[in-house]
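These figures come from a predicted structure and were not determined experimentally. Every chain is numbered from 1, with letters handed out A, B, ... down the list of sequences.
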Number of protein chains: 2
Amino acid sequence: MLILMARPTPQTHDEILAAAARRFAATGYRGTSLQDIATEVGCSKAAVLYHFANKEAILTELMAPAIEALCSLDERIAEQHGPADAQRVAAEGFVDLAVRFRNEIAFLRGEFPELLQQPVFAHIQQISERLIDAFAGHSERASARVTALVLLAGIAETCGEFADLTDQELGDALLGLLRRALEPPVH
Amino acid sequence: MLILMARPTPQTHDEILAAAARRFAATGYRGTSLQDIATEVGCSKAAVLYHFANKEAILTELMAPAIEALCSLDERIAEQHGPADAQRVAAEGFVDLAVRFRNEIAFLRGEFPELLQQPVFAHIQQISERLIDAFAGHSERASARVTALVLLAGIAETCGEFADLTDQELGDALLGLLRRALEPPVH
DNA sequence: TCAGAGGCTGACCGATCGGTCAGATCAGTG
DNA sequence: CACTGATCTGACCGATCGGTCAGCCTCTGA
């Protein structure tokens with residue numbers, strides 16, 4: 001704990017990240033202004049924009065680990081040979097991501113459609129389509145497509161709401177749900 | 001078809017409603033400005049606000065039938081005596097609503113958290129909580145709560161995306177999903 | 001001692017938002 | 001003809017947004 005306040009603080013970068021994470025989790029990305037973040041940090045809005053090129057750059061840095069993990073999952077799914085294996089890997093992998101990054105996912109709270117068109121999430125769109133396809137067991141049947149999209153969107157939309165559950169509890173519940181609900185691929 | 005253009009149009013009210021419905025469905029409530037609606041109608045923004053007190057009044061009028069049907073479903077669920085009956089009525093009733101009003105639900109595309117706090121949707125919050133409780137079979141178990149919320153949010157979030165499916169096809173797919181996924185209440 | 005770099009601020013910018021207002025236009029009525 | 005009420009417009013308002021900029025302060029090293 002430093003007593004001197006006027007000291008320049010090179011760690012402001014991380015403080016802004018932490019403050020932005022709290023505000024994004026509370027009110028979403030679009031619902032949080034740069035002024036909100038600055039107020040939470042205790043500095044000026046210009047200071048925030050001194051450490052980050054723009055608002056999107058803050059989100060990008062916060063989401064980087066989650067995006068990287070999602071890309072890695074996408075590659076693992078692509079390595080599977082049968083639709084049943086792909087479905088199983090997709091389900092287990094997605095639940096793992098949803099639990100580990102549930103705080104980050106909550107940032108986007110329903111803003112997926114708009115945010116997915118920003119350059120940061122350029123290829124996330126295609127990844128999510130392949131994820132849905134794997135969930136559906138590579139089937140074109142209406143029931144399989146509906147099931148896949150409802151479950152994927154439902155988990156993404158709600159995984160941040162279970163703050164009272166441990167990672168283990170939430171993961172078990174989600175995995176159980178997917179095992180019951182997903183239609184086994186026909187072969 | 002009237003040739004005279006300067007003729008006052010008493011049906012402007014309905015034209016605004018129709019235009020707003022198209023814009024809301026395309027870009028969401030918050031993503032649609034009053035100017036967007038006015039441009040779609042072909043009149044001034046002030047004309048839109050002459051026919052409607054404010055932006056929220058347009059949404060209120062568009063959502064009225066859906067809200068009324070949701071309240072009616074809430075009452076029907078409350079009349080059931082056992083948790084199994086309540087769960088079945090809730091599932092079938094919610095699927096029916098999601099299919100019939102999928103266009104209106106798409107207006108809110110992920111803006112549920114913010115919009116639910118507006119006066120129009122004041123008691124929708126409580127109704128949705130009772131709906132989740134009925135889905136969960138009045139259970140407090142983590143897996144039942146997670147399942148209920150994921151399915152409810154997932155259906156609400158995605159039911160507008162299946163424009164290529166008939167009401168019958170979408171309804172069957174959603175009902176099949178709920179029957180597989182919902183945990184039967186313990187007695 | 002002083003130049004310079006890093007860190008930060010307040011003032012400001014243009015765009016967009018929902019909403020207001022005075023007044024123009026026009027159909028119907030007496 | 002005069003008047004009224006409904007419909008509609010353009011101009012404007014205050015608030016908020018993301019972002020820019022000139023310059024100030026403090027610390028450091030030659």
Side-chain angles (χ1 to χ4, degrees), chain A residues 2-20 23-24 26-63 107-109 111 114-115 117-121, chain B residues 2-20 23-24 26-63 107-109 111 114-115 117-121:
Chain A
L2 295 177
I3 296 179
L4 301 177
M5 297 299 293
R7 175 80 50 87
T9 53
Q11 72 273 19
T12 305
H13 179 96
D14 295 337
E15 288 180 10
I16 292 172
L17 274 184
R23 297 313 304 155
F24 288 166
T27 56
Y29 176 71
R30 280 207 343 201
T32 300
S33 68
L34 291 172
Q35 185 58 61
D36 289 337
I37 299 172
T39 301
E40 177 105 2
V41 174
C43 68
S44 68
K45 186 180 68 170
V48 174
L49 287 167
Y50 169 78
H51 287 279
F52 294 89
N54 48 42
K55 189 184 178 187
E56 188 184 334
I58 304 176
L59 182 66
T60 301
E61 189 156 331
L62 283 172
M63 298 295 290
F107 296 167
L108 312 179
R109 53 160 66 221
E111 300 163 18
E114 299 92 334
L115 289 177
Q117 293 171 351
Q118 289 198 344
V120 198
F121 304 106
Chain B
L2 295 176
I3 296 177
L4 302 177
M5 295 302 292
R7 176 81 51 87
T9 52
Q11 71 273 22
T12 304
H13 179 95
D14 295 337
E15 288 181 10
I16 292 173
L17 275 184
R23 298 311 305 154
F24 288 167
T27 57
Y29 175 70
R30 280 205 345 201
T32 299
S33 68
L34 290 172
Q35 186 57 61
D36 289 337
I37 299 173
T39 301
E40 176 105 3
V41 174
C43 67
S44 68
K45 188 179 67 170
V48 174
L49 287 166
Y50 168 78
H51 287 279
F52 294 89
N54 48 43
K55 189 184 177 186
E56 188 185 335
I58 304 176
L59 183 66
T60 301
E61 191 156 327
L62 283 173
M63 297 296 290
F107 295 168
L108 311 180
R109 55 161 64 219
E111 299 163 18
E114 300 92 333
L115 290 176
Q117 293 171 353
Q118 287 197 345
V120 198
F121 305 106

**Message:** Below 4.0 angstrom, which residues in residues 53-62 of chain B have at least one non-hydrogen atom near DNA chain C?
**Reply:** B:N54, B:K55
**Request:** Check whether the side chains of A:D36 and A:S33 place a donor and an acceptor atom closer than 3.5 Å, and report yes or no.
**Result:** yes
**Request:** For residues B:F52 and B:T60, determine if any side-chain heavy atom of one lies less than 4.5 Å from a side-chain heavy atom of the other.
**Result:** no
**Prompt:** Rounded to whole angstroms, how far apart are CZ on B:F52 and P on C:dT20?
**Reply:** 15 Å
**Prompt:** Should B:T12 be listed as having a side-chain N or O under 4.0 Å from OP1 or OP2 of D:dC8?
**Reply:** yes
**Prompt:** What's the spacing between B:H13 NE2 and B:H51 NE2 if we round to 0.5 Å?
**Reply:** 8.5 Å
Between the protein and nucleotides 11-13 of chain D, which nitrogen or oxygen pairs are less than 3.5 angstrom apart?
none

**Prompt:** Roughly, in whole Å, what's the span from CZ in A:R30 to P in C:dT16?
**Reply:** 15 Å
**Message:** Looking at A:H51, I'd like to know whether one of its side-chain N or O atoms comes within less than 4.0 Å of OP1 or OP2 on C:dC8.
**Reply:** yes
**Message:** Rounded to the nearest 0.5 Å, what separates atom CG in B:L49 from atom CD1 in B:I58?
**Reply:** 7.0 Å
**Complete:** Students should find that the end-to-end axis angle of the helix from C:dT1-D:dA30 to C:dG30-D:dC1, with five pairs defining each axis and rounding to 10 degrees, is 30°
**Asked** How close or far is atom P of C:dG10 from atom CG of A:L49, stated in whole angstroms?
**Response** 14 Å
**Prompt:** Below 4.5 Å, heavy atoms only, C-beta onward: do A:T12 and A:Y50 meet side chain to side chain?
**Reply:** no
**Message:** For a quick check of understanding: with a heavy-atom distance under 4.0 Å over all strands, which category does B:L34 fall into, base, sugar-phosphate or nothing?
**Reply:** sugar-phosphate
**Request:** Could you grab the distance from atom NZ of A:K45 to atom OG1 of A:T39, nearest 0.5 Å is fine?
**Result:** 10.5 Å
**Request:** Without swapping roles, check the side chain of B:E111 against the backbone of B:R30 for a donor-acceptor pair under 3.5 Å.
**Result:** yes
**Prompt:** B:Q35 CD to C:dC17 P: how many Å, rounded?
**Reply:** 8 Å
**Asked** Considering only C:dG18, D:dC8, C:dT9, which nucleotide approaches the side chain of B:S33 most closely?
**Response** C:dG18
**Prompt:** So, is A:Y50 close to the C:dC8 phosphate, meaning a side-chain N or O under 4.0 Å from OP1 or OP2?
**Reply:** no
